[in-house]
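Ligands are counted one by one from 1 in listed order, and the atoms in each one are counted from 1 as well. Atoms considered below: every heavy atom in the structure, side chains included; atoms not considered: hydrogens, waters and symmetry mates.
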Amino acid sequence: MKELKKLKLLKELYTYQSLGLEYFNDIKNIKQTDMQISDSLPNSIKKLKITVSNCHLCTLSKTRKSTVFGEGDINSSLFFIGEGPGISEDETGRPFVGRAGDLLVKIIENVLELQRDKVYISNIVKCRPPNNRAPTQEESNECLPYLLKEIDIINPKIIVTLGATAYRYLTGDKTPISKIRGEIIKLNNIKIIPTFHPSYLLRNPSAKKFVFLDMKKVKNLL
Ligand code: URA
């Protein structure tokens, strides 16, 4: 819970920073605005998944075939966050099962030397944005409480955000992914490590070496 509060605070700090503010004299205000979103959601992954499957908070619910909730080991120390479901995920109701998913699994197996079912994998939004576009800020805002609750329940040691969108919507930090990847962003006991999205690697195979380095870092921290 403490980590989630810090995450919200970090997001707000980055928002203020993007507005041009450099100093915070009134931290109390930020704490007061800290809504405990996750308190109104179920505390079990099973129940949370059911809540998500009934969600109609944004227009993505109108075009989805399935909601795509996170999956994997709920006791894992390692939590991957992607952007949102694509066509294969929408068809199957499972995250990262298309081409990008195949590459993610290869990375998990070959670099981290783990099986897919030993990590937890989720997304910023749980419904497919049409035509594979990135989720909007509004769609992310509606869906983020579900992800924050997933993080709260799983309580991972490390979160790997995949791609610019996942990192930006989770933290609020707009630093380009090419600059921030491989950095460790500490939030009490959770370390966030941004890296490139597997879809980007499919288009730019030469960037694989950077993800390899980032995953080696993750492996050392686990
Ligand atoms: N599949 C997902 O589940 N998420 C992504 O970000 C891309 C593909």
Side-chain angles (χ1 to χ4, degrees), residues 45 48-49 52-53 55 58-61 63-74 76 78-109 111-112 114-151 154 156 158-174 176-178 180-181 192-205 207-208 210-211 214-215 218:
I45 284 290
L48 188 62
K49 186 173 177 176
V52 167
S53 71
C55 179
C58 82
T59 51
L60 295 184
S61 64
T63 48
R64 74 179 176 220
K65 282 190 182 152
S66 340
T67 52
V68 179
F69 194 72
E71 70 170 32
D73 182 353
I74 60 166
S76 182
L78 184 53
F79 193 126
F80 285 89
I81 301 176
E83 181 175 303
I87 190 162
S88 313
E89 291 78 16
D90 188 43
E91 296 281 348
T92 58
R94 295 183 56 211
F96 281 98
V97 290
R99 283 182 69 221
D102 291 344
L103 181 53
L104 177 62
V105 171
K106 270 192 193 160
I107 293 167
I108 292 169
E109 289 179 351
V111 190
L112 296 173
L114 290 170
Q115 295 302 305
R116 176 189 169 122
D117 62 4
K118 291 286 174 267
V119 303
Y120 191 86
I121 305 175
S122 195
N123 279 304
I124 294 285
V125 294
K126 312 298 194 224
C127 298
R128 182 188 180 212
N131 306 317
N132 295 334
R133 65 162 171 78
T136 64
Q137 181 71 63
E138 290 71 26
E139 289 156 359
S140 150
N141 289 348
E142 294 293 1
C143 220
L144 205 59
Y146 300 133
L147 179 63
L148 295 181
K149 192 70 190 185
E150 272 180 297
I151 296 171
I154 307 286
I158 298 173
I159 292 176
V160 175
T161 53
L162 300 164
T165 306
Y167 176 70
R168 179 159 43 91
Y169 285 152
L170 181 69
T171 64
D173 179 15
K174 295 194 175 81
I177 187 69
S178 52
I180 199 77
R181 59 138 281 276
I192 300 174
I193 304 187
T195 195
F196 290 129
H197 194 286
S199 300
Y200 175 78
L201 298 183
L202 290 171
R203 298 190 304 274
N204 302 278
K208 283 183 186 172
F210 298 114
V211 175
D214 301 344
M215 291 306 107
V218 169

As an exercise, state the distance from CZ of R168 to OG1 of T161, rounded to the nearest 0.5 Å.
11.5 Å
With a 3.5 Å distance limit and no angle check, can you tell me whether D90 reaches the backbone of R64 through a side-chain donor-acceptor pair?
no
Under the side-chain hydrogen bond (donor to acceptor under 3.5 Å, both in side chains) test, residues paired with R181 that sit two or more places apart
D214
R94 with E71: basic N within carboxylate O range, under 4.0 Å:
yes
Under the side-chain hydrogen bond (donor to acceptor under 3.5 Å, both in side chains) test, which residues partner E83, sequence neighbours left out?
T165
Partners passing side chain to side chain contact (heavy atoms under 4.5 Å, CB included) against R203 (at least two apart in sequence or in another chain)
S199, Y200
List the protein residues in contact with ligand 1, where contact means a heavy-atom separation under 4.0 angstrom.
G82, E83, G84, E89, P95, F96, N123, H197
